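Note sheet for the following structure.
Side chains are part of it too, since the values below use all heavy atoms of this structure and drop only hydrogens, waters and symmetry mates. Note that the structure is predicted; figures quoted are calculated from it, not measured. Naming: A, B, ... by sequence-line order, numbering from 1 per chain.
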Amino acid sequence: MDYIVFDLEWNQCPDGKDKEDKRLPFEIIQIGAVKLNEQFEETDRFNEYIRPVLYKTLHFHTREILHVDIQSLRRARSFPEVASDFFSWCGTDPVYCTWGSSDLLELQRNLTFHGMESPFPFPLFYLDIQKNFSLQMEDGKSRRSLEYVSNLLNLPKGIPFHNALSDSIYTSRVMQKLDKQALLDYFSIDYYRVPGSRKEEILVQYGTYSKFVSKTFANKNDAMRDRKVASTPCYLCKKPAKKKIRWFTGNSRNYYCLCYCETHGWLKGKIRLKKTEEDRVFAVKTLKLIGTEEAKRIVDRKDAVRRKNQRHRSS
DNA sequence: CCAACTAAAAGCCGGACCAT
DNA sequence: ATGGTCCGGCTTTTAGTTGG
């Protein structure tokens, strides 16, 4: 099993959004990757440019960012050819690692556009190095640029940023600086393909919390009314924890609830509803055992939301 | 420029409640 | 019945990151 640290460069419609092909706003023009063994040691590299079929000149702004010569792209191979070779090179059981979450998304959109079969397993787990840097070195929420982190960690420079191969190399170097076990523990889940049925629903145990990814629903209401989505089983004993504060929302994006497990204590619930490419809705629910002081914070937050609405109405 | 994510604020709407 | 306020749920808007 190898770790595949990869990065993509892509282009967009040079004539503005109106003229773009709605099926593919971003067209991949380079795939770069570094292969690491179990010890995170580099064993191989992959680098190839891709001949565009949609956008044959660079968008003004991407030309500023990327250092690519559009002329050389015309001599490059097509996306299906390069992508096939890339996945062969990745081997049979790779763990994909990226800087941020957008690369796997755009890669799959390009695969779909070209009518290619998905080479990925379902569910697709991967390692987001940008997120894990924040978890280990910062607040867990910030998202730093690759250049910022490379400077912070005094990584050897000399190769340009915003090139698929060199960014893969930088990303792999950041990866090597992280605590390995923590990194492997906090893997991410790709949501390009989401569970289409009960059978495909995903339940994952992390160290201090559990994560559940539901099947899709027609709308938000259906999702939140679903018994399995709304349920709050304690992830240690599997028994239902009793709701003290039912699901509520403070910012329209996340729902929270507070419940109590007779054997394991306070349990915080959080649901984030997300939309699929087809505009359907699915739920990502995390359940976490917490202490009394954090339980109180949820009670306070519920209170704050109520007061905020009060103030808002009176003004 | 375009897309995704996050957070906060503002706006909309209908039901519950209350006083008239 | 009518009008006003409160409240919860939801959407939209705005601003600031990141990615290319």
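- In the region residues 276-287 of chain A, proximity to DNA chain C at under 4.0 angstrom, judged on heavy atoms, holds for none of the residues.
- A heavy atom closer than 4.0 Å to some atom of DNA chain C occurs in A:Thr62, A:Ile65, A:Leu66, these being the qualifying members of residues 52-69 of chain A.
- Within the structure, side-chain hydrogen bond (donor to acceptor under 3.5 Å, both in side chains) pairs that include any residue of residues 91-107 of chain A comprise A:Glu106-A:Arg109 (at least two apart or interchain).
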Under 3.5 Å donor-acceptor pairs involving side-chain atoms of residues 205-214 of chain A, not counting sequence neighbours:
{"from": "A:Tyr206", "atom 1": "OH", "to": "A:Phe187", "atom 2": "O", "distance (Å)": "2.9"}
{"from": "A:Ser214", "atom 1": "OG", "to": "A:Ala283", "atom 2": "N", "distance (Å)": "2.9"}

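- Separating the NZ atom of A:Lys131 from the P atom of B:dA4 is a distance of 19 Å, rounded to the nearest angstrom.
- In this structure, NZ of A:Lys275 is placed 12 Å from C1' of C:dT12, rounded to the nearest angstrom.
- Within the nucleic acid shown, A:Asp18 has no heavy atom closer than 4.0 Å to any nucleic acid atom.
- Atom-to-atom, OH of A:Tyr191 to C1' of B:dC5 comes out at 13 Å; the value is rounded to the nearest Å.
- Judged as a side-chain hydrogen bond (donor to acceptor under 3.5 Å, both in side chains), and not counting sequence neighbours, A:Glu147 has no contacts.
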Below 3.5 Å is the cut-off: list the nitrogen or oxygen pairs between protein and nucleotides 14-19 of chain C, distance only.
{"from": "C:dT18", "atom 1": "O3'", "to": "A:Gln130", "atom 2": "NE2", "distance (Å)": "3.3"}
{"from": "C:dG19", "atom 1": "OP1", "to": "A:Trp99", "atom 2": "NE1", "distance (Å)": "3.1"}
{"from": "C:dG19", "atom 1": "OP1", "to": "A:Leu146", "atom 2": "N", "distance (Å)": "3.0"}

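- Taking atom NZ of A:Lys274 as the reference point, atom P of B:dT6 lies 6 Å away to the nearest angstrom.
- For residues 257-270 of chain A, every residue pair satisfying the side-chain hydrogen bond (donor to acceptor under 3.5 Å, both in side chains) rule, not counting sequence neighbours, is listed here: A:Lys268-A:Glu294.
- B:dC5 atom C1' lies 12 Å from atom CG of A:Asn254, rounded to whole Å.
- Qualifying ring-ring contact (aromatic ring centres under 6.0 Å, His included) partners for A:Tyr126, counting only residues two or more places apart in sequence or in other chains: none.
- Dashed line: the shortest gap from a side-chain N or O of A:Arg246 to OP1 or OP2 of C:dG8 is not under 4.0 Å.
- Among the nucleotides C:dC10, B:dA3, B:dA7, the one closest to the side chain of A:Tyr255 is C:dC10.
- Between A:Leu105 atom CG and B:dC5 atom C1' there is a gap of 12 Å when expressed in whole angstrom units.
- Under the rule for a side-chain hydrogen bond (donor to acceptor under 3.5 Å, both in side chains), the partners of A:Arg77 that lie at least two apart in sequence or sit in another chain are A:Glu48, A:Asp85.
- OP1 or OP2 of C:dC10 has at least one side-chain nitrogen or oxygen of A:Asn221 nearer than 4.0 Å.
- With hydrogens and angles disregarded, a donor-acceptor distance shorter than 3.5 Å links the side chain of A:Gln30 to the backbone of A:Ala164.
- Pairs of residues two or more places apart, or lying in two chains, that qualify as side-chain hydrogen bond (donor to acceptor under 3.5 Å, both in side chains) and include a residue from residues 61-70 of chain A are A:Asn11-A:Thr62.
- Here B:dA4 presents its P atom at 12 Å from OH of A:Tyr192, a figure rounded to the nearest Å.
- For residues 135-175 of chain A, the pairs satisfying ring pair (Phe, Tyr, Trp, His ring centres under 6.0 Å) are A:Phe161-A:Tyr170, with sequence neighbours left out.
- With sequence neighbours left out, A:Lys22 forms a salt bridge (charged side-chain N to carboxylate O under 4.0 Å, His left out) with A:Glu20.
- Between A:Phe6 and A:Phe46, the distance separating the two ring centers is not shorter than 6.0 angstrom.
- As a whole-Å value, the separation of A:Tyr256 OH from C:dG9 P is 15 Å.
- The residues A:Asp226 and A:Lys228 are annotated as not salt-bridged, no charged nitrogen and carboxylate oxygen being separated by less than 4.0 angstrom.
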